[in-house]
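Heads up: the structure comes next, in structure tokens.
Heavy-atom basis, side chains included; hydrogens, waters and symmetry copies ignored.
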Amino acid sequence: VSGAASLVYNAAGSDTNVHNGGSISFGLSSTTDSGMAVSTSAGITLGTTGTATGAVTGWDNLTFATGGVTLTVGNDVAVPDGTGAVGGLVSDTTSSNSAGVTSSVGITDDEGTGISLSTSMGGAALTLVYVGDSTPAGGEGDIDGAADTGSGVSISTTVGSVAVTASYTTYSDASTDDTETGISASMAAGGGTITAGYESSTGTNDGNGFGVSYALSLDSATSLSLGYNSQDVNSNSGRATDVSISRAMGGGMSVFAEM
């Protein structure tokens, strides 16, 4: 069991607000006689955005891990989208009143009742996902009568000193055929880590995006991150520049500032 709480002061132009939020997470796990690990999790959350309400999440999936293979089955299995979404560093609370990026790359729905398999091949990590019902009702997914489905594949590897991840995901229903392609690369540079990403999607959100971020530690307790993100989707173009700084205070407490 773990938990966290936050207090956020947010100012955007003439609009100033104070937000409270928090979360509690529960994890359950066991190991069979054959050595297979079985786990699930749940949580209670209250976000810090202006429209946030409390929610109970989890108990939707079971995860089985053995012999270098991890298999997740349930009603909240997510496809590996968002790989190229780099540069958006600030929290939803900070960005909630920003008009910089109004349309973003993405598929209509990225999770639902399905199965996910993750394993390694040589020096690469591979994930394959199939979602048989993207809109399950409660704890029940209609595999043979679903109106919408999804799928995805993701591969991560290292090329020299550069870590690279690429993914391709889809979503389909009676009237929509969405696809999303993304790639990101990161490497050490100047005492920190620089990451760049590119993404594109077709269908409901037709367009592309690019982002870059740089993160470094100023000292043992202070970290600084800079990010830039550009989106051109459905004839709407937007740009956002993010700055985030955080300092650990000890005892699990930290203070942060975002812009």
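A single hydrophobic cluster is seen to contain both Val212 and Val243, as judged by linkage of ILVMFWY side chains at heavy-atom distances under 4.5 Å, directly or through other members. At a threshold of 4.5 Å between side-chain heavy atoms, the hydrophobic network of Ile, Leu, Val, Met, Phe, Trp and Tyr places Val73 and Leu117 in one connected group. Using a 4.5 Å cut-off between side-chain heavy atoms of Ile, Leu, Val, Met, Phe, Trp and Tyr, with links allowed through other members, Ile194 and Leu224 fall into the same hydrophobic cluster. Note on Val105: it does not cluster hydrophobically with Val79, by side-chain heavy-atom contacts below 4.5 Å among ILVMFWY residues. Side-chain heavy atoms closer than 4.5 Å link hydrophobic residues (I, L, V, M, F, W, Y) into clusters, and following such links, even through other members, never connects Val56 to Leu46.
Inter-residue side-chain proximity for Asn20 and Ser6 is flagged as unmet; no heavy-atom pair is nearer than 4.5 Å. Looking only at side-chain heavy atoms (C-beta outward), Val255 and Met249 come within less than 4.5 Å of each other. Ile24 places a side-chain heavy atom less than 4.5 Å from the side chain of Val1. Looking at heavy atoms from C-beta onward, Tyr228 lies in side-chain contact with Arg239 at the 4.5 angstrom threshold.
Side-chain atoms of Asp173 come within 3.5 Å of backbone atoms of Ser175 as a donor-acceptor pair (strictly under, hydrogens ignored). Listed for the Ser244 side chain is no donor-acceptor partner under 3.5 Å among the backbone atoms of Glu258. Judged purely by atom type and a 3.5 angstrom limit, Glu180 has no side-chain atom pairing as donor or acceptor with the backbone of Tyr168. Listed for the Asp232 side chain is no donor-acceptor partner under 3.5 Å among the backbone atoms of Ser104.
For the pairing with Thr113, the side chain to side chain donor-acceptor pair (under 3.5 Å) check across Asn75, Asp60, Asn61, Asp142 returns one residue only, Asn75. Results of the side chain to side chain contact (heavy atoms under 4.5 Å, CB included) test with Ile107 over Asp178, Asn205, Thr179 single out Asp178 as the only residue that passes. Among Asp148, Thr108, Thr176, the one residue that satisfies the side chain to side chain donor-acceptor pair (under 3.5 Å) test with Tyr171 is Asp148.
Neither side chain, Ser223 nor Ser246, offers a donor N or O lying under 3.5 Å from an acceptor on the other. A side-chain donor from one of Thr83 and Ser167 sits under 3.5 Å from a side-chain acceptor of the other.
In terms of heavy atoms, Ser184 sits closest to Val86 at CB-CG2, 4.3 Å. Summarising the geometry of Gln231 relative to Gly209, their closest heavy-atom pair is NE2-CA, 3.7 Å, with the distance given to 0.1 Å. The two residues Leu216 and Gly191 come nearest to each other via the heavy atoms CB-O, 4.1 Å. Listed here is the closest heavy atom pair of Gly123 and Thr157: O-OG1, 3.6 Å. Scanning all heavy atoms of the two residues, the minimum distance from Ser225 to Ala215 falls at OG-CB, 3.6 Å. Taking every heavy atom of both residues into account, Thr149 and Gly132 meet most closely at CG2-O, 3.5 Å.
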Show your working on side-chain hydrogen bond (donor to acceptor under 3.5 Å, both in side chains) between Thr70 and Ser118 and close with a plain yes or no. CA-CA 5 Å; Thr70 300; Ser118 297; 6.0 Å; no
Can you check side chain to side chain contact (heavy atoms under 4.5 Å, CB included) on Asp109 and Thr135, steps first, answer last? CA-CA 8 Å; Asp109 199 325; Thr135 52; 3.8 Å; yes
Let's go through Val129 and Val77 carefully: what are the C-alpha distance in whole Å and the side-chain angles of both, what is the deciding distance for side chain to side chain contact (heavy atoms under 4.5 Å, CB included) to 0.1 Å, and is it a yes or a no? CA-CA 8 Å; Val129 180; Val77 176; 3.8 Å; yes
For Met253 and Arg247, what are the C-alpha separation, side-chain angles and deciding distance, and is it a side chain to side chain contact (heavy atoms under 4.5 Å, CB included)? CA-CA 9 Å; Met253 179 179 176; Arg247 181 169 180 83; over 6 Å; no
Could you please spell out the steps behind the side chain to side chain contact (heavy atoms under 4.5 Å, CB included) verdict for Trp59 and Leu28? CA-CA 10 Å; Trp59 308 136; Leu28 299 178; 3.6 Å; yes
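We find the CG-OH distance between Leu226 and Tyr214 to be 9.0 Å, quoted to the nearest 0.5 Å. The distance from the OG atom of Ser201 to the CG atom of Asp206 is 7.0 Å, given to the nearest 0.5 Å. To the nearest 0.5 Å, atoms OG1 (Thr181) and CG (Asn208) are separated by 11.5 Å. In this structure, CD1 on Ile245 lies 13.0 Å from CG on Leu89, to the nearest 0.5 angstrom. The structure places CZ of Phe64 at 9.0 Å from OG of Ser39, a figure rounded to the nearest 0.5 Å. Distance check, rounded to the nearest 0.5 Å: CE of Met187 to OG1 of Thr158 gives 12.0 Å.
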